[in-house]
Amino acid sequence: MRSFVLATSALLVLAACTPQAPDGAAAPPPADAPATPPPVAPPITSTPLPEEFAGGMDARGTEPFWGVQIRDTQITLQRPDHPVAVGKNAGMTVVDGKATWETQAGADRLTVTLSSEACSDGMSDLKYDYAAVVVIGSETLKGCAGHAGAMPKEGA
């Protein structure tokens with residue numbers, strides 16, 4: 001009997017320590033209560049990069065003419081009447097099936113985005129596997145892309 005009384009008393013003490021709002025819901029903790037630790041973020045897992053964008057990639061466009069080479073260590077943009085823009089290749093990010101490389105090329109930020117969609121350069125009948133968008137500074141260039149060494153060629 002004594003155990004029952006002790007157990008009941010312990011439960012009543014614990015119930016008395018749990019603050020309740022007038023409607024019976026749990027009340028907020030007192031102002032001097034220790035802060036609740038922030039929730040723990042889930043561990044960051046790396047997403048494997050799609051093989052389709054692995055290795056060297058080339059992109060080109062017309063009106064105006066331009067060409068980009070993406071290699072292991074650098075990204076190069078060449079355009080007539082412009083200095084060659086070269087930046088370090090820090091790797092790509094992939095979001096919604098689009099691969100994006102970003103680098104600093106001299107005074108300008110250079111961003112190259114390739115997406116897996118059939119593309120035609122608009123001046124020939126050549127067909128490419130990827131569409132390309134290049135942004136350098138405030139200028140946006142659109143064109144097509146493919147794997148280096150496997151770009152479509154006229155007459156082939």
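All values below were derived from every heavy atom in this structure, side-chain atoms included, with hydrogens, water molecules and symmetry-related copies excluded. Everything numeric here is computed off the predicted structure, so don't read it as measured data.
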Counterpart residues, side chain to side chain donor-acceptor pair (under 3.5 Å), relative to Q104 (two or more places apart) = none
For Q78, check side chain to side chain donor-acceptor pair (under 3.5 Å) against everything at least two apart and list the hits.
-> none
The reported gap from CZ in R60 to CG in L126 (rounded to nearest 0.5 angstrom) is 7.5 Å
Going by the disulfide bond (SG atoms under 2.5 Å apart) test, which pairs reach into residues 54-83, not counting sequence neighbours?
-> none
Set of side chain to side chain donor-acceptor pair (under 3.5 Å) partners for R109, sequence neighbours left out = none
Gap between atom NZ of K142 and atom CD of E63 - 0.5 Å precision | 14.0 Å
Looking at residues at least two apart in the chain, or sitting in another chain, which of them share a side chain to side chain donor-acceptor pair (under 3.5 Å) with T62?
-> none
With sequence neighbours excluded, tell me which residues meet salt bridge (charged side-chain N to carboxylate O under 4.0 Å, His left out) with D58.
-> R71
Pairs meeting criterion disulfide bond (SG atoms under 2.5 Å apart) with involvement of residues 65-110, two or more places apart | none
I70 with V86, same ILVMFWY side-chain cluster at under 4.5 Å | no
For residues 81-150, which residue pairs qualify under disulfide bond (SG atoms under 2.5 Å apart), counting only residues two or more places apart or in two chains?
-> C119-C144
So CG of L141 and CG of L77: to nearest 0.5 Å the spacing works out to 6.5 Å
Could you list the residues that satisfy salt bridge (charged side-chain N to carboxylate O under 4.0 Å, His left out) with E139, not counting sequence neighbours?
-> R79
Could you list all the side chain to side chain donor-acceptor pair (under 3.5 Å) pairs where at least one residue sits in residues 94-103, not counting sequence neighbours?
-> T100-T113
Pairs touching residues 102-142 that satisfy ring-ring contact (aromatic ring centres under 6.0 Å, His included), sequence neighbours left out = F53-Y130, Y130-H147
Smallest heavy-atom separation, A59 atom then L114 atom, equals CB-CD2, 4.5 Å
Summary of salt bridge (charged side-chain N to carboxylate O under 4.0 Å, His left out) pairs that have at least one residue in residues 126-137, sequence neighbours excluded | none
Test log, rule side-chain contact (heavy atoms from CB on, under 4.5 Å), inputs N89 and D72 | CA-CA 7 Å; N89 183 352; D72 288 339; 5.8 Å; no
Minimum heavy-atom separation for W66 to A132, with atom names?
-> CH2-CB, 4.2 Å
